[in-house]
Amino acid sequence: MAIVEDRVRRGLVPGSVVSVTGIPWTPALKAARERGVLNRLPMFSEITEHGVRWPNGTEQRADVILWTTGFRSSLDHLAPLQIREEGGGIVMAGKLATQVSRDPRIHLVGYGPSASTIGANRAGGAAARELAAYLGLA
């Protein structure tokens, strides 16, 4: 928090608190890692037709994308997916309006009505359940 505060006091772009502190290894996250269902990786550089790619060329297949937007609609990096409408917005669907209408494999938590801590928490759960159902896992 102090690093982020220092940046904004100097007029610099703050970055996220998580970018400075990292995400703590809670007991639930440790258990998921031990079960083999969580493998943290750095941010990918590109979304491809069948998944994602990192700067070193490594690719990973991805059937769905659950994107937590960070409470802002800065989504220009998703432009290749062509999910925006003519007016610049994105038509959202799903139980709590996190599902991209043009591509139901993509959910944006933190965009639109889920752009609050309470909204994102509820919407994240709803999006995860909707994606699990989409994949036939629920």
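Around the CZ atom of Arg40, the shell of radius 6.0 Å holds more than 12 heavy atoms that belong to other residues, nucleotides or ligands.
Both Ile65 and Leu41 are members of a single hydrophobic cluster when ILVMFWY side chains are connected at heavy-atom separations under 4.5 Å. Connection of Met43 to Ile47 is established within a shared hydrophobic cluster, with ILVMFWY side chains joined at heavy-atom distances below 4.5 Å, either directly or through further cluster members. Under the 4.5 Å side-chain heavy-atom criterion for ILVMFWY residues, a single connected hydrophobic cluster contains both Leu78 and Trp54.
Leu135 pairs by the side-chain contact (heavy atoms from CB on, under 4.5 Å) definition with Asp63, Val64, Leu137, not counting sequence neighbours.
When all heavy atoms of Ala126 and Leu96 are compared, the closest pair comes out as CB-CD1, 3.8 Å. The minimum heavy-atom distance linking Ala127 with His107 is given by the pair CB-ND1, 3.5 Å. Nearest heavy atom pair, residue Gln99 against residue Gly94, reads OE1-N, 3.8 Å. A pairwise comparison of heavy atoms in Ala115 and Gly110 identifies CB-O, 3.2 Å as the closest pair. What you find for Pro55 and Ser45 is that their closest heavy atoms are N-OG, 3.3 Å. Of all heavy-atom pairs between Tyr111 and Arg84, the closest is OH-NH1, 4.5 Å.
Atom-to-atom distance recorded for Arg10:CZ and Asp6:CG is 4.0 Å, nearest 0.5 angstrom. Of the inter-residue distances, the one linking Arg61 atom CZ with Thr48 atom OG1 reads 9.5 Å to the nearest 0.5 angstrom. Atoms CG and CG, on Leu108 and Leu75 in that order, are 6.0 Å from each other to the nearest 0.5 Å.
Side-chain atoms of Glu59 and Phe44, non-hydrogen and from C-beta on, never get closer than 4.5 Å to each other.
Residue Ile106 forms a side-chain contact (heavy atoms from CB on, under 4.5 Å) with just one option from Val100, Thr98, Leu131, and that option is Val100.
Applying the salt bridge (Lys or Arg N to Asp or Glu O under 4.0 Å) definition to pairs two or more places apart or across chains, those involving residues 101-129 are Glu85-Arg102, Asp103-Arg105.
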